[in-house]
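In what follows, a structure is listed as structure tokens, so that the remarks can point back to it.
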Amino acid sequence: MPSHRITARQPITKMGEPDISTAPDLLKAVSEDAAHYPNGYAAGVARPATESDVATLLLHAQSVLPIGAQSSLTGGATPMGDIVVDMQRFDRILAINDDEAVVQPGVPLTILQATLERAGKYYPPVPTFHGAFAGGVVATNAAGAATFKYGTTRDWVRGLTVVLANGQVLELARGETTAHPDGYFEVASEGVVHRIPIPSYNVPTLEKCSAGYFSEPGMDLIDLFIGSEGTLGIITEITFAVIEPTPNLALIWIPLPSEQAALELTWMLRQSAKNAWREPQASALDVSAIEYLDTRCLEILREDGTDRRHGINLPHESQVALLVQVELPSDSETSAEHAYDEIANALGNDAPDTPLTRLCRLLSSTNLLESSEISLPSDHRRQAQLIAAREAVPEGVNRRIAEAKRLHDKSIEKTAADMIVPFERSAESLALFKNAFEKRRLDYAIWGHVSDGNVHPNVIPRSMDDVTRGKDAILECGREIIKLGGSPLAEHGVGRNPIKQELLRQFVGEDGLAQMRTVKSVLDPLGKLAPGVIFSRATK
């Protein structure tokens with residue numbers, strides 16, 4: 001029977017003295033993450049290999065920041081005078097069972113996927129950056145393109161081992177520790193029972209959300225730690241659910257004449273996918289992800305020569321593009337030649353009813369078949385090129401920002417948002433972003449996971465004034481996104497970013513933030529875990 005109380009245990013092995021390095025090259029290597037948050041510096045670097053190493057560090061240090069691949073886009077893995085707890089030595093895949101994989105937090109998802117593939121299995125909810133570490137995706141409740149079908153990291157975590165700030169260890173298994181009907185958990189540690197109240201703020205039900213501490217009536221304690229960004233404990237072991245067989249993926253590149261056409265096609269593809277999931281059949285069109293690139297994104301591909309380099313079809317009249325991921329039955333592609341025959345014959349009266357023929361008929365009905373490209377599962381090289389074209393957009397934006405910093409003002413920084421609305425409000429959200437940027441005369445690009453209503457509006461600043469006006473635009477958009485039933489923090493978390501911390505305040509209110517602080521104060525009363533992450537540095 002589930003209980004609202006759990007007892008923490010001592011670390012498995014005896015604790016000694018912490019091993020902390022202050023070598024200048026190590027300190028420099030961990031001084032910033034992928035967000036390039038400014039002025040990062042570490043007081044020392046520890047590379048623990050056991051849970052007792054982690055516990056020792058937590059008992060001796062005043063301020064610690066656990067890191068993985070440092071792929072955070074929010075500054076959440078940038079130290080500010082902390083002891084950095086580099087988890088890269090926790091790099092073992094401990095077990096792969098029928099429907100589970102047990103891993104340490106320092107395992108990169110690329111390694112996990114490759115290992116699972118050899119066993120005919122797959123971990124679905126990978127973020128766009130596959131080099132992220134397992135611990136990092138749990139800490140941020142990471143999501144990505146395939147969230148539309150598979151959900152977020154939270155939906156796939158079955159177990160966690162977490163070292164608390166006092167050096168004690170929690171072993172969490174989904175379903176074993178659930179909230180008391182009166183809204184709290186109890187953690188027994190070193191003879192003392194600590195009561196953790198569940199925050200009472202209400203957030204909309206969305207396909208993804210990474211906005212501070214999770215809360216819902218009757219919740220599982222494991223969900224409090226998923227998405228907590230290292231502020232409540234340090235994860236040392238994870239049990240993920242996995243599936244088999246590995247999906248048989250086709251990619252479809254679709255240039256479109258307008259945003260409206262893109263949203264209408266996305267709606268049709270979403271409906272086809274939901275029908276496929278509801279009534280599985282061999283010919284169902286099982287769409288797992290749809291990526292969106294706006295007009296400026298396509299201009300960047302043309303300006304940088306990415307379209308020519310990767311052979312990407314971008315007709316002059318195209319204003320937006322979609323990159324669609326369709327899962328085919330595992331036995332559907334007996335040969336590439338057979339699959340291409342299906343495509344060639346799709347519009348014939350006697351063509352077989354298969355996912356590929358259904359896709360072709362749908363594209364034909366919208367006059368998009370001729371300009372679209374279908375890349376079959378066997379064409380790994382072409383699929384890699386299509387994915388590279390999509391990734392070339394954020395790379396192109398980042399390169400332009402770096403150039404502006406070099407030529408105009410070294411204070412210029414990335415200015416972007418990560419917001420989600422119910423898909424039905426997507427047109428409104430895109431209009432909102434465009435209006436906010438254009439009335440401030442800003443250059444911008446918008447891309448993202450349109451299949452679940454989550455896009456990333458990015459300012460391309462040419463001056464610090466652009467950065468300032470861009471931040472104002474993002475805060476304005478955050479308020480309006482909330483009114484549309486969305487979240488201004490979809491999949492990247494909060495981190496140290498002041499704008500994202502303000503968006504969190506807009507989302508849950510001052511009272512909601514106070515409730516989060518209360519949760520942290522119970523589990524981390526000295527405020528030593530990731531100080532300044534989620535909450536401002538002054539808030540423990």
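Just so it is clear, the structure is predicted and the values come from calculations on it, not from any experiment.
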- Message: Using a 6.0 Å cut-off, check whether atom CG of Asn39 has over 12 heavy atoms from anything other than its own residue.
- Response: no
- Item | Side-chain H-bond candidate by donor/acceptor type, Gln325 with Ser288, under 3.5 Å | yes
- Sort out for me which residue in Thr50, Asp53, Thr161, Val169 forms a side chain to side chain contact (heavy atoms under 4.5 Å, CB included) with Thr236. Thr161
- Message: Whether the Tyr213 and Thr231 side chains hold a donor-acceptor pair (N or O, under 3.5 Å, no angle test) is what I'd like checked.
- Response: yes
- Kindly write out the residues that satisfy salt bridge (charged side-chain N to carboxylate O under 4.0 Å, His left out) with Asp220, not counting sequence neighbours, or none if the list is empty. none
- Message: Under the criterion side chain to side chain contact (heavy atoms under 4.5 Å, CB included), I'd like the reasoning laid out for Asn454 against Glu491: C-alpha separation, chi angles, the key distance, then a yes or no.
- Response: CA-CA 9 Å; Asn454 169 216; Glu491 62 179 9; 3.3 Å; yes
- Message: Using modelled atom types and a 3.5 Å cut-off, is there a donor and acceptor pairing between side-chain atoms of Gln113 and backbone atoms of Tyr123?
- Response: yes
- Message: Would you say that Glu100 contacts Val242 through its side chain, given a criterion of any heavy-atom pair below 4.5 Å between the two side chains?
- Response: no
- Below 6.0 angstrom between ring centroids: does that apply to Trp277 and Phe148? yes
- Message: Pair Lys528, Asp82 - check salt bridge (charged side-chain N to carboxylate O under 4.0 Å, His left out), show working.
- Response: CA-CA 9 Å; Lys528 64 174 61 178; Asp82 314 296; over 6 Å; no
- Evaluate whether atom CG of Asp99 has more than 12 neighbouring non-hydrogen atoms of other residues, nucleotides or ligands under 6.0 angstrom away. yes
- Query: Counting N and O atoms only, with roles assigned by atom type, does the side chain of Ser536 sit under 3.5 Å from a partner on the main chain of Gly532, one being a donor and the other an acceptor?
  - Reply: no
- Message: For a quick check under 3.5 Å, do Asn141 and Thr152 share a side-chain donor-acceptor pair by atom type?
- Response: yes
- Carefully, step by step, assess Lys500 and Asp418 under the rule salt bridge (charged side-chain N to carboxylate O under 4.0 Å, His left out). CA-CA 9 Å; Lys500 292 186 180 293; Asp418 163 38; 5.1 Å; no
- Do Leu94 and Gln104 have side-chain heavy atoms sitting under 4.5 Å apart? yes
- Ignoring hydrogens and geometry, is there a side-chain-to-backbone donor-acceptor pair from Thr246 to Lys121 under 3.5 Å? yes
- Answer yes or no: is there a side-chain heavy-atom contact under 4.5 Å between Leu232 and Lys520? yes
- Query: Near Asp25 CG, under 6.0 Å, is it more than 12 heavy atoms from other residues, nucleotides or ligands?
  - Reply: yes
- Note on the structure: For Thr78 and Ser31, the nearest pair of non-hydrogen atoms, with its separation, is CG2-O, 3.4 Å
- Message: Testing the 3.5 Å rule here: is there a donor-acceptor pair between the side chains of Asp86 and Gln88?
- Response: yes
- Salt bridge between Glu237 and Arg92, side-chain N to carboxylate O under 4.0 Å? no
- Between Arg174 and Asp155, is a salt bridge (charged side-chain N to carboxylate O under 4.0 Å, His left out) present by the stated rule, with each step listed? CA-CA 10 Å; Arg174 187 167 293 282; Asp155 300 300; over 6 Å; no
- Would a distance-only check, ignoring hydrogens and angles, find a side-chain to backbone donor-acceptor pair under 3.5 Å from Arg496 to Pro531? yes
- Query: Under 3.5 Å, is there a donor-acceptor pair linking the side chains of His194 and Glu186?
  - Reply: no
- Item | N/O donor-acceptor pair under 3.5 Å between Arg47 side chain and Met87 backbone | no
- Query: Can the ring centroids of His180 and Phe185 be said to lie less than 6.0 angstrom from one another?
  - Reply: no
- Under 3.5 Å, is there a donor-acceptor pair between the side chain of Ser215 and the main chain of Pro199? yes
- Message: Is it the case that the side chains of Gln515 and Ser200 hold a donor-acceptor pair, with the cut-off being a distance below 3.5 Å and no angle test?
- Response: yes
- Check for a donor-acceptor pair, side chain of Glu207 on one end and backbone N or O of Asp452 on the other, with a separation under 3.5 Å. no
- Message: Phe90 vs Ile235, test: side chain to side chain contact (heavy atoms under 4.5 Å, CB included). Steps then yes/no.
- Response: CA-CA 10 Å; Phe90 278 80; Ile235 296 165; over 6 Å; no
- Query: Quick one: CG on Asp524 to CG on Leu164, what's the gap to the nearest 0.5 Å?
  - Reply: 9.5 Å
- Query: Can you check side chain to side chain contact (heavy atoms under 4.5 Å, CB included) on Val455 and Phe433, steps first, answer last?
  - Reply: CA-CA 10 Å; Val455 295; Phe433 298 136; 3.6 Å; yes
- Has the side chain of Asn458 got a donor or acceptor atom that lies under 3.5 Å from a matching backbone atom of His456? yes
- Item | Side-chain donor or acceptor of Ser189 paired with backbone N/O of Val187 under 3.5 Å | no
- Is there side-chain contact between Glu32 and Gln70, with heavy atoms separated by less than 4.5 Å? no
- What one should report as the nearest heavy-atom pair of Val64 and Ala61 is CG1-CB, 3.5 Å
- Message: Using the rule given for side chain to side chain contact (heavy atoms under 4.5 Å, CB included), can you reason through His60 versus Leu57, listing the C-alpha separation, both sets of side-chain angles and the distance that settles it, and then say yes or no?
- Response: CA-CA 5 Å; His60 286 81; Leu57 283 164; over 6 Å; no
- Message: Looking at every non-hydrogen atom in both residues, tell me the closest pair between Pro127 and Val137 and how far apart they are.
- Response: CG-CG1, 3.9 Å
- Task: Could you tell me whether a side-chain N or O of Glu413 sits under 3.5 Å from a main-chain N or O of Ala35, the two making a donor and an acceptor?
- Result: no
